[in-house]
Amino acid sequence: EPEVTQTPSHQVTQMGQEVILRCVPISNHLYFYWYRQILGQKVEFLVSFYNNEISEKSEIFDDQFSVERPDGSNFTLKIRSTKLEDSAMYFCASSGPLYEQYFGPGTRLTVT
Amino acid sequence: AQSVTQLDSQVPVFEEAPVELRCNYSSSVSVYLFWYVQYPNQGLQLLLKYLSGSTLVKGINGFEAEFNKSQTSFHLRKPSVHISDTAEYFCASYSSASKIIFGSGTRLSIRP
């Protein structure tokens, strides 16, 4: 069964550093998403991406964040200058036309 | 604004007992509802979804949920739980074509 994959599974970085989280969505999906989950809290929407542009973004997704689909398979989330409060689990998701989003296993980002 | 409310943050039950996890939604537009499960240290897995049609939807692992429009609820049920059902359960709703809104989650703990 096709699945969404994410790398790395765990990323540790120092405050102020740039990080890139990578995702490979399901191959025939057209919609891509990033969510995050701060430890012990609910899953929050960050951004959605369709047809090579952002469809919607939350107030969390400020100028420090960016997304890109650099080739036909990868979907990346970049945080330019990480803060302590960016520490969270980041989930990538993709969907076809039927409103069902498939989630990856997540990348745990720890900012020290 | 659309929202999803999970009334119980934790639900302890004995093994083989029935369980109901409560979820209420608010929406002024078409409603698409989901239940996701998150096992310890893992990503989000779709349990079941309601898009249209029969109000009783069956999902994986013996779970089912009933869409009740008059009560704006989408409660999750299982007639007999197992230790392996120990997890966090998230109710979710499509807020727009671009994102899912999650409830705060219910931690289901199973006692032997």
Side-chain angles (χ1 to χ4, degrees), chain A residues 1-10 21 23-26 29-51 53-61 67 88-108 110, chain B residues 1-10 21-25 27 29-53 57-60 65 67 74 87-107 109:
Chain A
E1 186 175 329
E3 58 183 18
V4 177
T5 59
Q6 290 184 241
T7 55
S9 58
H10 190 191
L21 310 184
C23 168
V24 178
I26 293 173
H29 283 180
L30 301 176
Y31 300 85
F32 314 111
Y33 314 84
W34 284 101
Y35 293 80
R36 79 170 186 191
Q37 184 183 30
I38 294 172
L39 187 63
Q41 298 185 26
K42 67 172 157 182
V43 180
E44 301 172 289
F45 168 78
L46 289 178
V47 66
S48 58
F49 192 86
Y50 170 72
N51 201 25
E53 59 182 28
I54 290 174
S55 304
E56 191 169 349
K57 60 183 181 179
S58 72
E59 60 276 7
I60 303 168
F61 195 87
V67 289
M89 183 74 92
Y90 288 80
F91 293 105
C92 173
S94 69
S95 70
L98 295 179
Y99 300 99
E100 184 174 323
Q101 293 186 15
Y102 291 82
F103 284 77
T107 292
R108 182 171 298 283
T110 302
Chain B
Q2 194 154 347
S3 66
V4 176
T5 303
Q6 290 183 247
L7 300 169
D8 306 298
S9 60
Q10 293 188 61
L21 306 184
R22 297 181 292 169
C23 173
N24 287 89
Y25 68 91
S27 173
V29 296
S30 298
V31 177
Y32 303 112
L33 296 164
F34 310 85
W35 276 98
Y36 283 86
V37 59
Q38 185 179 30
Y39 297 105
N41 300 314
Q42 294 189 28
L44 295 162
Q45 182 180 6
L46 181 68
L47 268 182
L48 48 78
K49 62 182 182 284
Y50 171 79
L51 302 181
S52 65
V57 292
K58 294 188 184 297
I60 61 172
F67 171 66
F74 190 56
E88 185 109 21
Y89 292 80
F90 293 94
C91 184
S93 170
Y94 246 82
S95 171
S96 66
S98 301
K99 70 181 184 186
I100 284 178
I101 289 182
F102 286 85
S104 54
T106 297
R107 186 173 301 277
S109 59

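Side chains are part of it too, since the values below use all heavy atoms of this structure and drop only hydrogens, waters and symmetry mates. Each chain gets a letter, A, B and so on, in the order its sequence line appears, and its residues count up from 1.
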With a 6.0 Å cut-off on the ring centroids, do A:Tyr31 and A:Tyr50 count as close? yes
Taking the six-membered ring for Trp, is the centroid-to-centroid distance between A:Tyr33 and A:Phe103 below 6.0 Å? no
Max heavy-atom pair count under 4.5 Å with chain A, selected residue of B:Gly103, B:Ala92, B:Gly105: B:Gly103
Do side-chain atoms of B:Gln38 reach the backbone of B:Phe90 as a donor and acceptor pair under 3.5 angstrom? no
Indicate yes or no for a side-chain donor-acceptor contact from B:Ser93 to the backbone of B:Val4 under 3.5 Å, with no hydrogens or angles considered. no
For B:Gln45 and B:Tyr39, which I'm curious about, is there any donor-acceptor pair between the side chains at under 3.5 Å? no
For A:Tyr35, is it the side chain, the backbone, both, or neither that has a heavy atom closer than 4.5 Å to a heavy atom of chain B? side chain
Which bit of B:Leu44 comes within less than 4.5 Å of chain A, counting heavy atoms only: side chain, backbone, both or neither? both
With a 4.5 angstrom heavy-atom cut-off, could you sort out which part of B:Glu88 is near chain A: side chain, backbone, both or neither? neither
Interface check, chain B: of A:Gln37, A:Met89, A:Gln6, most non-hydrogen pairs under 4.5 Å belong to A:Gln37
